[in-house]
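Data block below; observations after.
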Protein chains: 2
Amino acid sequence: MKTRLIDVAEEAQVSLTTASRALGGFDDVATATRRRVEDTAQRLGYVPNISAQRLRRRRTDMLGLILPADETGFGEPFFAEFLAGVGEEASTVEQHLLLTAHPPGSTAERETYLKVVRGGWVDGVILIRLRWEDARVDLLRGAGFPFVAFGRTNDVDGYPFIDEDSVAGLGILVDHLVQLGHSKIAFVRGPDDITFARHRLTGFETAMTSHRLPVPDRYLLSGDLRRESGAEAMSELMDQTHPPTAVIFCNDMMALGGMEEAVGRGVVVGRDVSIAGFDGIGVGGTTAPGLTTLRQPIQEIGRRLCRILLEHIDDDTRANRHVLLVPEILVRGSTGPAPTPRRCGVTRSVSERREG
Amino acid sequence: MKTRLIDVAEEAQVSLTTASRALGGFDDVATATRRRVEDTAQRLGYVPNISAQRLRRRRTDMLGLILPADETGFGEPFFAEFLAGVGEEASTVEQHLLLTAHPPGSTAERETYLKVVRGGWVDGVILIRLRWEDARVDLLRGAGFPFVAFGRTNDVDGYPFIDEDSVAGLGILVDHLVQLGHSKIAFVRGPDDITFARHRLTGFETAMTSHRLPVPDRYLLSGDLRRESGAEAMSELMDQTHPPTAVIFCNDMMALGGMEEAVGRGVVVGRDVSIAGFDGIGVGGTTAPGLTTLRQPIQEIGRRLCRILLEHIDDDTRANRHVLLVPEILVRGSTGPAPTPRRCGVTRSVSERREG
DNA sequence: GAGCCTATCCGAAACGTTTCGGACGCGTCG
DNA sequence: CGACGCGTCCGAAACGTTTCGGATAGGCTC
């Protein structure tokens, strides 16, 4: 069977207490004794039972990460990259991750949160893809349970978060397109209950008005952040009699779908139409042409959130740490000069451009 | 503070035992009593403390998944998709995942396995990317600890696994290329200690000899399975005086790197040179042209492995379940007819092909 | 030699469950 | 009427740690 501490103690001829304290590194045990205990522990292959340790210490060294599941689950590149960051940081500080996925807003999601929090499953929780009004935040904040968020709710008091400054980001992106000569710019927004989707829409509208550019209703479509939905929106835009010359998608996944749709129709992305996204997920750099996007350092954010959470667990006074990052624009082949009016429409499908 | 079972018991005027048995669904408690206990539990928001439960039940309802970490960690599409499958299945049967990543073969990896197994962290372990001689398998098998594997070692006795039939797969792929008229086919192999890399090489060699096609040494390169390494191999191949007309990569990631390299040199993939991979990761369908590959249902394998592991935990006699899947070929734009000899080399960069 | 201090050790309680082995009361049967 | 069975209930031990509050022994000071 598995070796228990008492086995080590008996073998080393000391009491249970002394064995525990010897291995725990306390200074009230003689050096010779400590060495003897350590040796036998080693020899017997002793590893403390973690459930007992946790029960007694009232600390699990586990962090909870409950993903909003769609079909793809953890497979979505955005989550995968985030996970990579959190996981890496966690493992360097001897913490572990508890992963689950549930449909956003479902009762299953709520129940998992209850279990995880009240059942002492984890010491803290990391929230991701925050909603404008987010029951998870209310629940955790109400219970006084330590958590951090990637993104924010409408009322940001009492919990630490990191978020990107979407408004600033879209300003940068619109500037870029305007400089390239675009004025007919469409925007594919995300679901209104997701905070960043709201902010990105606001950012787009603000930027457009500051350039005194109109945004006709037909240039403002809605998607659900998934790839297919981006393709549909693109299709709808291109079917219009006066299609836009540039399309900004609320996130990269939709933008990739949009590119696919355009390419499928024989349109040359970056020349006939410009496309841009938001997030900077890895695959965006590997398509042809590459996707122009606003990069947020997803992995790095994961790492930082993990660190903040741990500090927050040990010291719950540091609750109001809010970090807002300005995303960096990544200009790649998918955006280019606006086509001159007489040359518009799809003619030849020969491309001379190549991504730099 | 958190409500404990004893709080519920006192509130409901029963003993601790009865409260426990009422909530546990035993039939030796009167219906009225049971209802009373359930109600108060509900009202007090009682959730059992999981560490205590685990300690007592000697069961954690947790499965361990220790990934071979490189820089990208969980971010690698192959792992991400696999994770999605395992995670989904686990959550439908109320199991949870313990995730960590360690460099393959490192002492950190070994120590984590020891802790996880001897410290009772999880009930079973899922292994992935098996090595030809795999210390993890020896350790787990030696300890009699339940585990399943995606892939296999040289000696497959005493543990359940699912693996793809790489030899058959490469047969299919080589047939496909031969039918397209290719005879100068190169292969970029993976590290020799990884089992599937061995099998895929064997499969390639067998298929080539059965078609009586030679495989000169210069057409046999090595990579480390990562994207960049695929690009390097491709570059080396294309610099040869008599470059191959088709290149098979040991996995999709390297194939994607190879495609990038080719495209970057102005070569039209699928016309000037054919490229194929192995795995069928999602992104392979989104490049232009799409990557021809051998698809293994990664997510589905994740789900199945999870199920097998759970059965194996409850009943350790079912240890020798070996599943071998024949991968399915996904023909996309990256493979096409072999260029005719006189037309060879790179001339125009205009492409008329498009992925169907 | 009494008093005190330090270094080293240990007994027992606690963490919050589950579960074994009964106990109790009441009706039924021979 | 005693034995037995059945439906309910409960006390106490156990799971494997950590830690509080001493206990013991030896050395030092006065």
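We name chains A, B, ... by the order of the sequence lines, and we start the count at 1 in each one.
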Inset, instruction - Please state whether the base of D:dT18 and the side chain of A:Arg56 form at least one donor-acceptor pair under 3.5 Å? - result: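 Counting by modelled atom types and ignoring angles, a donor-acceptor contact under 3.5 Å is found here.
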Inset, instruction - Check every strand shown and say whether B:Asn49 touches a base, only sugar-phosphate, or nothing at a heavy-atom separation below 4.0 Å. - result: sugar-phosphate
Inset, instruction - May I ask you to say what B:Ser51 touches in the nucleic acid, namely base, sugar-phosphate or nothing, with a heavy-atom cut-off under 4.0 Å? - result: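 If one applies the 4.0 Å heavy-atom cut-off, B:Ser51 turns out to touch nothing in the nucleic acid.
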Nearest-angstrom distance from the residue atom [atom1] of [X] to [atom2] of [N]:
| X | N | atom1 | atom2 | value |
| --- | --- | --- | --- | --- |
| A:Arg57 | C:dG16 | CZ | P | 16 Å |
| A:Leu23 | D:dT17 | CG | C1' | 12 Å |
| B:Arg118 | D:dG16 | CZ | P | 16 Å |
| B:Arg59 | C:dT19 | CZ | C1' | 17 Å |
| A:Ile50 | D:dT17 | CD1 | C1' | 12 Å |
| B:Leu5 | D:dG11 | CG | C1' | 15 Å |
| B:Arg21 | C:dT17 | CZ | C1' | 13 Å |
| A:Asp27 | C:dT6 | CG | C1' | 12 Å |

Inset, instruction - Verify the ring-centre separation between A:Phe161 and A:Phe150: is it less than 6.0 angstrom? - result: no
Inset, instruction - Take the angle between the ring planes of A:Trp121 and B:His96 and call it parallel below 30°, perpendicular above 60°, tilted in between. - result: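 Ring orientation, 0 to 90° scale: perpendicular.
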Inset, instruction - Sequence neighbours left out, what passes side-chain hydrogen bond (donor to acceptor under 3.5 Å, both in side chains) with B:Asp27? Give chain and number order. - result: none
Inset, instruction - Would you tell me if any nitrogen or oxygen in the side chain of B:Arg58 comes within less than 4.0 Å of OP1 or OP2 on D:dC15? - result: no
Legend entry - Any A:Gln53 side-chain nitrogen or oxygen under 4.0 Å from OP1 or OP2 of D:dG16: no
Inset, instruction - May I ask you to check whether over 12 heavy atoms, not counting those of A:Arg59, lie within 6.0 Å of atom CZ? - result: yes
Inset, instruction - Begin with the C-alpha distance, continue with both residues' side-chain angles, and end with the deciding distance and a verdict on salt bridge (charged side-chain N to carboxylate O under 4.0 Å, His left out) for A:Asp193 and A:Arg131. - result: CA-CA 5 Å; A:Asp193 56 335; A:Arg131 275 99 74 174; 5.6 Å; no
Inset, instruction - May I ask you to establish whether B:Arg21 and B:Phe26 are in a cation-pi arrangement, using a distance under 6.0 Å from NZ or CZ to the six-membered ring centre and at most 45° from the ring axis? - result: yes
Inset, instruction - Indicate whether any N or O donor in one side chain lies under 3.5 Å from an N or O acceptor in the other, for A:Ser15 and A:Thr18. - result: yes
Legend entry - Upstream residue (5' side of DNA chain D) when A:Phe26 and A:Arg4 are each assigned their closest nucleotide: A:Arg4
Legend entry - Nearest-nucleotide comparison on DNA chain C, the residue closer to the 5′ end among A:Val29 and B:Leu55: A:Val29
Inset, instruction - Give, ordered by number, those residues of residues 11-19 of chain B having at least one heavy-atom distance below 4.0 Å to an atom of DNA chain D; if nothing qualifies, reply none. - result: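 Those residues whose heavy atoms fall under 4.0 Å from DNA chain D, taken from residues 11-19 of chain B in numerical order, are B:Val14, B:Ser15, B:Thr17, B:Thr18.
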